[in-house]
Amino acid sequence: METKFDRLLSKENIGKTIKELSAKPHHLGSAAGKEVAEKVYNQFKSYGWDAKIETFYVLFPTPAERQLELIAPVKFTAELKEPAVPGDATSGQEGQLPTYNAWGADGDVTASLVYVNYGLPADYEELERQGIDVKGKIVIAKYGNSWRGIKPKVAYEHGAIGCIIYSDPIDDGYYQGDGYPEGPFKNEHTVQRGSVMDMVIYPGDPLTPGYASVKNAKRLDRKDAVTILKIPVLPISYHDAKPLLAALDGPVAPASWRGALPFTYRIGGSSKTQVHLKIKQNWDIVPAYDVIAKIKGSEYPDEWVVRGNHHDAWVNGAADPVSGLASLLEEAKAIGQLAKEGYRPKRTLVYCAWDGEEQSLLGSTEWVELHAKELSAKAVAYINTDGNSSGFFNAGGSHALTQLVTDIAKDVKDPLTQASIFDRKRASEILKAPAQKRAEILDNTQYTLGALGTGSDYSAFLQHLGIPSLNFAFGGEAGGGEYHSIYDSYDNYIRFKDPDFSYGVSLSQAAGRAVLRLADTEKLPFDFQGLSEVIKNYVNELVALAATQRKANTLQNELIDKGIYSLAAVPKENFISPKRKIPVPEIDFSSLLAAADSLHYEASKLTRRQNNFKTDGASLRKNNEKLFQAEKTLLLETGLPRRPWYSHSIYAPGFYTGYGVKTIPGVREALEEGHYAEAGQEIERVTGAINKLTDHLKTIY
């Protein structure tokens with residue numbers, strides 16, 4: 001079946017789809033966005049799928065006025081525009097969204113400017129040591145090292161009244177390689193648009209938290225929507241950032257803060273550098289068009305395998321999202337042809353093209369909220385893709401599906417080397433690893449499945465409903481700065497991303513196999529040994545972190561008490577001693593360690609029972625349901641305002657605070673931030689969830 005499926009995949013057709021669907025700017029709420037949704041719908045229908053468009057009505061701010069000026073010590077007005085470039089046919093089109101960050105506040109502010117490096121909590125600790133306060137000031141931060149929405153959130157928490165985000169060429173520009181169109185990296189005018197919604201609280205429409213934004217839904221007043229930020233935010237190019245940064249006075253920035261622009265990087269903060277920032281937006285309710293296509297299962301119609309990729313883009317979106325969408329549609333075409341030849345999947349297939357992903361997962365979240373009860377009962381798994389490129393196979397998701405992903409990665413061939421995508425990925429990991437780790441990776445026969453945080457359409461499935469989820473993409477060989485800019489175009493894609501679309505076929509092969517194997521297997525391929533190993537590793541990381549932090553805090557306080565910092569300071573300069581650290585108490589991890597051990601033991605026993613299980617219809621169906629329902633036991637209620645049912649799973653690293661950590665959510669953040677009582681509470685909650693999963697595994701087979 002998979003051999004037939006592969007033969008029906010066409011890289012030429014994938015390229016044609018990318019060109020057609022990225023021909024115009026097609027953001028959420030635009031006429032071209034609706035056209036793309038209708039084209040996708042018509043393609044599904046032509047392939048023989050039962051398709052429909054489900055429409056939601058969501059809040060979407062778009063710029064009415066943007067202004068950024070340096071008013072002292074010299075005058076400068078930012079251009080705030082990306083120009084058309086030679087050789088890129090779509091870069092000068094009408095209908096492009098201006099450069100902006102969605103979900104920042106409207107505002108008109110004038111204040112001193114402070115450079116805050118990447119704008120993360122550790123950077124503000126450094127500013128404090130320098131004696132610089134951002135309260136009442138505007139900050140400028142580099143893109144990178146975190147999700148963009150963290151930067152204005154942390155700035156607001158420290159009292160800033162505005163936030164500017166720019167891309168420094170040291171991270172993505174001439175320092176890395178030639179700028180577009182000569183090369184793939186950011187030219188001096190390129191800007192990364194993007195959402196800064198406080199998704200840590202909840203993604204989806206800010207006005208309908210926890211329920212679907214259908215036409216007549218009850219909506220919050222915008223001032224009560226807690227995911228909309230409180231200060232204005234604006235992304236700019238390094239062309240526009242250069243005069244602002246060059247005008248800063250004050251201390252020279254630490255070495256790790258400096259970028260690649262041709263001047264001395266300083267922190268600023270004095271009244272000598274004054275900036276005016278004005279943002280005004282149209283806050284409209286617009287339609288979001290989700291395209292949903294189904295093929296009904298022949299034996300288990302009430303068990304669904306769900307596959308998705310979004311169709312909306314910030315501008316033309318050839319790489320993000322159309323490259324991934326083209327692969328999804330190619331899978332649907334192949335499966336549709338197989339169905340015309342007599343193939344019937346045992347489980348129902350549900351293929352989805354989401355709208356409004358770029359504005360913080362609007363289309364997928366609202367659809368999941370509308371269909372939550374049915375999805376919770378029926379969804380076996382969700383397989384997500386987004387953008388795609390050339391290079392190495394990257395997969396993340398539910399670790400109980402590690403063996404499924406491993407088998408797929410060993411079966412699919414890399415289009416350029418003809419090695420398996422498993423072997424290519426492992427080779428890359430070996431050479432990136434420290435020397436002492438290389439032998440261990442070489443001996444590893446399992447694909448190392450990453451953990452999923454948030455940021456794409458799997459989030460509502462995994463974190464809200466506990467539906468096992470996977471996310472696939474290829475990448476790593478095609479660098480570039482087109483992300484969320486007008487230069488994410490077909491012309492850019494065929495030069496720098498996947499010129500002959502062969503990795504588009506590879507993505508279809510990988511995701512298509514996940515769909516077909518989950519749809520047609522008798523015994524669902526959930527193996528909780530992989531999950532138990534990951535949880536055990538996470539728990540060990542937490543124990544080590546607490547011990548390391550205890551030593552570090554003790555040493556820090558000793559250095560302060562003995563005057564080491566003051567002795568090392570330059571006598572003629574102002575010196576502010578670091579603050580004392582809160583001593584780390586002895587934290588009791590015994591229950592969590594015991595829970596992880598018990599889970600590992602029961603997962604091993606379950607694997608033996610799975611291998612020995614003899615198929616009989618009623619019992620098989622009952623046990624399969626227990627397998628795909630197992631991860632729901634890991635959902636932890638967060639008690640968030642207005643969304644008491646909203647949960648995050650053990651697979652959501654960093655989702656609790658959004659700082660991108662990769663361990664059990666909540667516990668690590670509490671430890672790192674010195675909230676030790678809260679860490680103890682989180683340990684209890686996570687221990688309880690693991691024990692619930694362990695008890696559930698005892699009931700299977």
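Atom NE2 of residue H311 and atom CG of residue D290 lie 6.5 Å apart, to the nearest 0.5 angstrom. Taken to the nearest 0.5 Å, the CZ atom of F501 stands 10.5 Å off from the OG atom of S327. To the nearest 0.5 Å, atom CD of residue Q629 and atom CG of residue N624 are 11.5 Å apart. Put simply, CG on N623 and CD1 on I700 are 7.0 Å apart, with the number rounded to the nearest 0.5 Å. Here E358 contributes atom CD and H484 contributes atom NE2; the two are 3.5 Å apart, rounded to the nearest 0.5 Å. To the nearest 0.5 Å, atoms CD (E303) and CD (E625) are separated by 7.0 Å.
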Exercise. Let me see the working for I14 and S508 under side chain to side chain contact (heavy atoms under 4.5 Å, CB included), right down to the final yes or no.
Key: CA-CA 10 Å; I14 288 174; S508 292; 4.1 Å; yes

Practice problem: Could you go through the ring-ring contact (aromatic ring centres under 6.0 Å, His included) check for Y289 and Y41 one step at a time? | Solution: CA-CA 10 Å; Y289 303 106; Y41 165 81; over 10 Å; no

Practice problem: Please lay out, stage by stage, how N309 and T385 fare under the test side chain to side chain donor-acceptor pair (under 3.5 Å). | Solution: CA-CA 5 Å; N309 196 107; T385 53; 2.6 Å; yes

Exercise. Could you walk me through whether D520 and K346 pass salt bridge (Lys or Arg N to Asp or Glu O under 4.0 Å), step by step?
Key: CA-CA 5 Å; D520 291 330; K346 292 179 180 178; over 6 Å; no

Practice problem: Might you work through the side chain to side chain contact (heavy atoms under 4.5 Å, CB included) test for L462 and E631, ending with a clear yes or no? | Solution: CA-CA 9 Å; L462 182 61; E631 292 195 32; 4.2 Å; yes

Practice problem: Determine, stepwise, if the pair L518 / L404 fulfils side chain to side chain contact (heavy atoms under 4.5 Å, CB included). | Solution: CA-CA 9 Å; L518 286 166; L404 172 70; 4.0 Å; yes

Quiz item: Would T607 and Q529 count as a side chain to side chain donor-acceptor pair (under 3.5 Å) if you check the C-alpha gap in whole Å, the side-chain angles of each, and the deciding distance to 0.1 Å?
Solution: CA-CA 8 Å; T607 299; Q529 284 185 284; 3.0 Å; yes

Practice problem: Applying salt bridge (Lys or Arg N to Asp or Glu O under 4.0 Å), run through K294 and D50 and close with a yes or a no. | Solution: CA-CA 5 Å; K294 293 183 181 180; D50 179 14; over 6 Å; no

Quiz item: Should D407 and Q403 be marked as a side chain to side chain donor-acceptor pair (under 3.5 Å) after you check the CA-CA gap, both sets of side-chain angles, and the distance that decides it?
Solution: CA-CA 6 Å; D407 292 343; Q403 190 60 52; 2.8 Å; yes

Exercise. Applying salt bridge (Lys or Arg N to Asp or Glu O under 4.0 Å), run through D597 and K536 and close with a yes or a no.
Key: CA-CA 7 Å; D597 285 340; K536 201 168 184 178; 3.4 Å; yes

Practice problem: Apply side chain to side chain donor-acceptor pair (under 3.5 Å) to E54 and H371, showing your working. | Solution: CA-CA 11 Å; E54 294 191 42; H371 300 284; 2.9 Å; yes

Quiz item: Taking it one step at a time, do K437 and E440 satisfy salt bridge (Lys or Arg N to Asp or Glu O under 4.0 Å)?
Solution: CA-CA 5 Å; K437 285 281 188 181; E440 178 185 336; 3.8 Å; yes

Practice problem: Go through the steps for Y300 and R621 under the test side chain to side chain contact (heavy atoms under 4.5 Å, CB included), then give the verdict. | Solution: CA-CA 8 Å; Y300 311 110; R621 186 176 306 212; 3.7 Å; yes

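At least one donor-acceptor pair under 3.5 Å links the side chain of Y447 to the backbone N or O of A395. The closest donor-acceptor contact from the side chain of D320 to the backbone of A313 lies at 3.5 Å or more, if one exists at all. No donor-acceptor distance shorter than 3.5 angstrom exists from the side chain of K52 to the backbone of V291, with no hydrogens or angles considered. S420 places a side-chain N or O within donor-acceptor distance of the main-chain N or O of D423, the cut-off being under 3.5 Å. Counting only distance, with no hydrogens or angles, the side chain of R307 and the backbone of G512 share no donor-acceptor pair below 3.5 Å. Side-chain atoms of D312 come within 3.5 Å of backbone N or O of G356 as a donor-acceptor pair. At least one donor-acceptor pair under 3.5 Å links the side chain of N388 to the backbone N or O of Y503. Distance alone, capped at 3.5 Å, is enough to place a donor-acceptor pair between the K626 side chain and the T699 backbone. Side chain of E366 to backbone of D205: a donor-acceptor contact under 3.5 angstrom is found. S604 contributes a side-chain N or O that, together with a main-chain N or O of H600, makes up a donor-acceptor pair within less than 3.5 Å.
Closest approach of L416 and S502 over heavy atoms only: CD2-OG, 4.3 Å. Taking every heavy atom of both residues into account, K333 and L8 meet most closely at NZ-O, 2.9 Å. Closest of all the heavy-atom pairs between P203 and S360 is CB-O, 3.9 Å. Taking every heavy atom of both residues into account, I430 and R438 meet most closely at O-NE, 3.0 Å. Heavy-atom minimum distance, L338 versus M1: CD1-SD, 3.6 Å. Shown here for R426 and N444, the closest heavy-atom pair between the two residues is NH1-O, 3.2 Å.
The closest side-chain heavy-atom distance from N384 to F472 is not below 4.5 Å. In this structure the side chain of Y458 never reaches within 4.5 angstrom of the side chain of I467, judged on heavy atoms. At least one side-chain heavy atom of E357 sits under 4.5 Å from a side-chain heavy atom of D386. Contact annotation: the side chain of T402 never approaches that of D527 to less than 4.5 Å [non-hydrogen atoms, C-beta and beyond]. In this structure, the side chains of V350 and V305 stay at 4.5 Å or more apart for every pair of heavy atoms. Two residues are said to be in side-chain contact when any heavy atoms from C-beta on lie closer than 4.5 Å; K698 and T694 meet this criterion. The closest side-chain heavy-atom distance from P321 to W354 is not below 4.5 Å. You'll find the side chain of D6 stays beyond 4.5 Å of the side chain of T3, heavy atoms only.
Atom NZ of K432 sits in a sparse spot, with 12 or fewer heavy atoms from other residues, nucleotides or ligands closer than 6.0 Å. With a 6.0 Å radius and a threshold of 12 heavy atoms from other residues, nucleotides or ligands, K523 has its NZ atom above the threshold.
Ring planes of Y351 and F44: perpendicular class, angle over 60° (limits at 30 and 60°).
Both tests hold for K410 against F422: distance to the six-membered ring centre under 6.0 Å, angle to the ring axis within 45°.
With F474 as the fixed residue, the side-chain contact (heavy atoms from CB on, under 4.5 Å) test singles out one of P415, S389, S506: S506.
Between E2 and R517 there is a salt bridge, with a side-chain nitrogen of the basic residue lying less than 4.0 Å from a carboxylate oxygen of the acidic one.
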